Structure formats: structure tokens, C-alpha cells
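In what follows, a structure is listed as C-alpha cells, so that the remarks can point back to it.
Protein chains get the first letters and strands the later ones, always in sequence-line order, with residue 1 at the start of each. Just so it is clear, the model here is predicted, and its values are computed rather than measured.
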Amino acid sequence: MGQKTLGPVRRSFAPWLDPQAKPLIRFENVTKRFGDFVAVDDLSIDIYEREFFALLGPSGCGKTTLLRMLAGFETPTEGRILLDGKDVSRVPPYRRPVNMMFQSYALFPHMSVEANIAFGLKQDGMPKADIAARVEEMLKLVKLEQFAKRRPHQLSGGQRQRVALARSLAKRPRVLLLDEPLGALDKKLREATQFELTDLQQELGMTFVIVTHDQEEAMTVADRIAVMDHGKMVQVATPSEIYEQPASRYVADFIGDINMIEGRIEASGEGRTRFRSEALGLTADVLDATPIGVGETSWLAIRPEKVSVSHEPPADTSVNAVEGEVWDIGYLGDVSIYHVRLAGGKTIKATRANVTRLIERPITWDDKVWLSWSPDAALVLAA
Amino acid sequence: MSDISESAGHKANPLRWLVVAIPYLWLLVFFLAPFFIVFKISLSQVAIAMPPYVPAFDLAAGISRFFADLKELTFSNYLWLTEDALYWKSYLSSVGIALVSTLILLAIGFPVAYGMARSPKAWRPTLLMLVILPFWTSFLIRVYAWIGILKKEGLLNQFLLWVGAINEPLTIINTNTAVYIGIVYSYLPFMILPLYASLEKLDETLLEAASDLGCPPTKAFWLITFPLALPGVIAGSFLCFIPIVGEFVIPDLLGGSETMMIGKTLWSEFFNNRDWPVSSAVAVLLLLILVVPIVVFQNSQMKAMEAGK
């Protein structure tokens, strides 16, 4: 029932577009250095109440440092962190209304599941009866009622993950921080848990900040994703914006699979851009004008699923089309990836959904094929 | 099928038993047999003879003589131990000194082991080496060195006089204080090593988790660090307590007339009074007193092993 009422609310949930909205968390020009190494570099970001915010990036990009600063385990070298408008940069972790779920779960091995969940509540001096009630509620939430008396080492990996989640939620923190929470689970369990996490976050109406290096995970759970590189946020946007309108080649390359073709801008204006690659003999029309100047080196970026492969040439072969030879086919079950080699030696990837159960694909190795796409499929990125 | 496995089992058996038998054989020859000899002497009477007690069993004298000798064995030496206050006072004093020393060792050893376990990984082998380094010199020489430090005109007094902390040299040597210093110095590695072993395994994210859940660092020490280091605390404490109770060299060299320890009493019974039966009785009682902590220690070790699984 909760889902039904939340559904429409969810779709229009975008407080970051509202200039009146007050952020719950604000990073203000935060820099963190470890010796000479700059882990977080002059970073500012607002995170809003009830948001599911993902920090995504390769290892060493500073995402974990950012999370640890929010938890209080690290203090910023420069700048400040505001929580509810109050500067918490130097508040120790045990006085912050923020809880963290650790990558290693960090369950106390000498305590039962129950005692682990009750630990934080006891620190707050909550009455015993209330603690018992809250622990029971949490156990029910993560479906571990019958494991209350067990020790962590008597549980499976998935169960331990649930205990860690219950323990970090028990205090009803203003913000829940999740550090690679699903990294230790196998693929099936991870996918199921991703959806459970989003359901839980909506049900509790809490703010979640998750750190992950898994782009699929970030796309599944998050309202907004911040893609990080070398201590900076290179793009902060919704999952679909990040995927369809990457701000840079780094983002485009990091999220999903993408073909990049080097060339120049021939013309730009009136909601259209004309791109030309001499090396491949390829001309492309792209919807939307580009701020990149005419004649400048740029990159045509196009996702493999947006390129169609066919034996027949498209109606107009002069633009958004190129001929090549099937070099390799990757069969993934649901889709096949065609590696098509162009005359210039460049290989373009195109995926096709396997809509029939035929073992023999109509397009096969060494076939001459045409690749084509529509003007709204590709985009132009600066070098 | 069953034939094959049975015959294979039979073939494997003798060798397997041999392997299991070796430690038992060792215990039998080097512990149980000497223990029974000592126990037998403790039931004998002192005599001016060689050996200095009767009856001395002589199998060559015949079976009837053996049974006659057997009748002479009595528990009178044990009764004597209960009658003379000297003995139970030295027992009590030994246990007391061992208890206090163990507490001091724990108070010093824990911070040292904790610091070692929290030091940068690259330093740890060196620090561990420094703890073990004293073992490279003879134990006796190290205790003698303490005489040189603690005596009236020793290094410590010279230093304190030089800095002006005292006007008169302190009397430390031949007091219980010197015994405590000697014991704590000698046994410190045995306390640090098991503590370090259990503290090093401690996952630091557990302390972060505790802090994250609202627990300040000092409280987290008692709620997380100490309980998880408990196997090390127990191992270190017993590893020190048990041998300290029977310690002889340190109280003999550093202690004075006020120092009563059962090891010293045993030695003087044996060598000054040449009363082998009474000193044997003292030794047997000492063993019985120590059986209790040894069994407790074994139990806790077993539990720790099971928890580790």
C-alpha cells in the first residue's frame, strides 16, 4: 500500500531543482589531504532530505574519504561540512546523528545479533523496554527474528549484511551512510538487496548516502549519482542523465559501454551539430547545438544499443551511417554484441536484442553490414 | 569393502599410536616418574644417611623387607607443614606476590602490547624483536645485573643522588620492592606476547563502528577492545602467575629476610636443613596448589580455540 502512494511522489522527487529547498548535508569547498596526496579536492555538494545519493568512482577517487568525513572519522583539511545547517566538520563520530554501514560489516564478534543491534541504543541511554521493542522491530525489518541470539560467526554473509543494516538503522539516524554495502554478496543476492534497500529507504523516509564502484548498483538505487575522479565530482545528476547525457568522456566511459569516434565539428547551430571524421569517412548529425567551436577536435559518443546493424543500407547513407565488416560477435544470451570493423580500422560496437530463439544469427562473421543511428542517439563531447 | 577398510585401519594403527604415545611417554618419564619419586620421599623420614631419608627401598633385600618399608611411610611431614606457620605463610606470601606481580605486569604489559599492535605495520617486527631481545642473555645474568642497579651504591641510587631527587641512598636491594622489580622485569615478555597476539587481530573498524554508534573512545575500550583481548589477558596472566608462585632465583638474589616465598623455603629445607622429606612435601603441596589455576587456564584456552573456529 505504501508503494502505491509513494510512487507518484517519487517521480516528481527532485529537490535539487528547487532553489528554495534547504539541503540536509552541505559540503562547502571541502579539501582533504593525506600528506601530499589530495583525496578530496575543493568539493562542494548539496544532498537533500529523503534523497538516495550515490558516490560513484574507481578506487582512489576520494569517494570513501568523503563518506568518512561525513561520518566523522576524518576531518576536512579545508572547508566545512554542514548537517541541518550546523557545522559538523569537527564533531566526533559518536556525537553525530549519522550512522554508517561498514563494508566489512564490522559486527561485534563477542555480542549476539540482538546485542549488536542494541549497542547504539544503549549508548543513548534509551530505557530497556524501548530498546527491546526497537531491536525486535529492526529484526523484523530485516527478517532475522529467529537469529536474535546467534553470534555473527554463526550467520551467512547475507544475514550478516542484514544485521549490519539493522544495527545502523536502529538509531533512526538523520543520514545513513553505506560503504560498498553489497560488495561481499553474490550477484543474485546483490540485485535482490538493491531493490530492498530502495524500498526500505522510501518506507523509512530517510536520507541514504552510498559509496560504490559498481555503476549498475548506483543506477538501481540512487536518485542522484555523483561521479568522482581524482577527488573531484565530474558530474552530479540522475542516473538517466548520467547515462544519456554524460558531461565528459570520463563519465561516458565510466558508465556503461560507449563508442568514441575522434573528429571535428563542421557546423553548429539551430539545434543541430554536424560532426565529421575524415579518418573514417563518417559524417554525423547530432541533435542539439554544442558549445564546442567549429573546427575543434571533438568526440562523437554513441552507446552500442543505439546503433542498428543491418545488411541493407539505410535510406540516406551520407549521414549517420557507416559501412563495415563483422569482426566478432559476443553472445550474452539476452543481447549479442557485434564488433564491426570500419574501413579506417576502427571497431564500433553495436548490440542487438536476441528477440528470436534461432541459434544461427542472421548477421554473422565477415558479413558486410551497415551501421546507422538517429540524430538523437549520439552526442558530441569535447576532447 | 569393509574388509579392505578394516585391514587398512589395522595397518595404520601401530604408527598412529606411536605418534600419540610420544607426548604421553615424555610426560610419564620426565614428569610422572619424578613426581612419584618426590611423593615417596615426602612420605619418608629424615635420617643421617645416604640418601638422607628412610626407608630407602632396596629391592635386593627381598619382598618381605619391601613390605616392611612400605609400612614405614607416613603423612607426618604433611602434618608438620600444617603445624609450622612458616610453611603456610610462605605459601600465602608466594601466591600474594604472584598475584600483585601479575596485576602490575598486566598494567604495564597491556599499554605496551596495545601500542605495538597499533604501531605502523613496518615497525611491528622490530618492536617484537625488542621485546624478545632480553632472552638472548642468560636470565641469571640479567637478575645479577639488577643487583648492580638496585644496591646502595648502585646505578639507580647514584643517578637519583646526582639529580638531587634524594639525599640518602634508598634501600631497595634485599626488600620485597626489589623482588617485584625483578619479577616484573623478567616476566614482562611473557605478558606482552600473548596480549600482543590477541590485540593485533583486533579489527580497527570495530572501534569505528562503536564510535559511529555513539560510544566514546574510553567506553569503547572497555566494551570492545578489552573483551576481545580477554583470551590474551588470561593467557598472559596465567603464563606469569604460575611460574612466579614457584619462583626461587629472583627472591633469593634480590629479596631479603622479609621475603617469604615457597621456592626459597623449599631450597633452604633441602640444602640448609638437608630435610629431603619435608622439602618434598612442600613441593608436592605447591604442585597441588597450582593445579587449580592450571586447569582454569587450560579450560579458557580450549574455549578460546573453539571460539576461534
For [X] against [Y], the heavy-atom pair lying closest together:
X        : Y        : answer
B:Val245 : B:Ala98  : CG2-CB, 3.5 Å
B:Gly255 : B:Thr259 : CA-OG1, 3.5 Å
A:Ile47  : A:Arg224 : CA-NH2, 4.2 Å
A:Ala71  : A:Val98  : CA-CG1, 4.3 Å
B:Leu254 : B:Gly182 : CD1-CA, 3.7 Å
B:Leu290 : B:Ile242 : CD1-O, 3.8 Å

Taking the inter-plane angle between the rings of B:Phe31 and B:Phe35 on a 0 to 90° scale, is it parallel (under 30°), tilted (30 to 60°) or perpendicular (over 60°)? parallel
If contact means a heavy atom pair closer than 4.5 Å, which residues of residues 116-148 of chain A contact chain B? A:Phe119, A:Gly120, A:Gln123
Within residues 164-177 of chain A, the residues sitting under 4.5 Å from chain B by heavy atom, in sequence order, are A:Arg167, A:Lys171
Give the member of A:Met101, A:Arg96, A:Met100, A:Met111 that has the highest number of heavy-atom pairs under 4.5 Å with chain B. A:Met100
Checking A:Ser89 against A:Asp87: is there a side-chain donor and acceptor pair closer than 3.5 Å? yes
Would a 4.5 Å heavy-atom cut-off, applied to side chains only, mark A:Ile25 and A:Asp46 as touching? no
Quick one: are A:Val113 and A:Lys149 in side-chain contact, heavy atoms under 4.5 Å? no
Rounded at 0.5 Å granularity, tell me how far [atom1] in [X] sits from [atom2] in [Y].
X        : Y        : atom1 : atom2 : result
A:Glu74  : A:Met69  : CD    : CE    : 8.0 Å
A:Leu43  : A:Thr31  : CG    : OG1   : 8.5 Å
A:Leu185 : A:Gln194 : CG    : CD    : 9.5 Å
A:Leu55  : A:Asp179 : CG    : CG    : 10.0 Å
A:Lys86  : A:Leu82  : NZ    : CG    : 10.5 Å

Contact origin within A:Phe108 toward chain B - heavy atom pairs under 4.5 Å: both
Within residues 184-219 of chain B, contacts to chain A at heavy-atom distances under 4.5 Å involve B:Asp203, B:Thr205, B:Leu206, B:Glu208, B:Ala209, B:Ala210, B:Ser211, B:Asp212, B:Leu213, B:Gly214, B:Cys215, B:Pro216, B:Pro217, B:Lys219
What parts of residues 100-134 of chain B touch chain A if we use heavy atoms and a cut-off under 4.5 Å? none
Please determine whether the number of non-hydrogen atoms from other residues, nucleotides or ligands lying under 6.0 Å from atom CZ of B:Phe159 exceeds 12. no
Is the Lys NZ or Arg CZ of B:Lys89 less than 6.0 Å from the centre of B:Tyr91's six-membered ring, within 45° of the axis? no
Portion of B:Leu230 that has a non-hydrogen atom of chain A nearer than 4.5 angstrom: neither
Using a strict 4.0 Å threshold on nitrogen-to-oxygen distance, state whether A:Glu78 and A:Arg33 make a salt bridge. yes
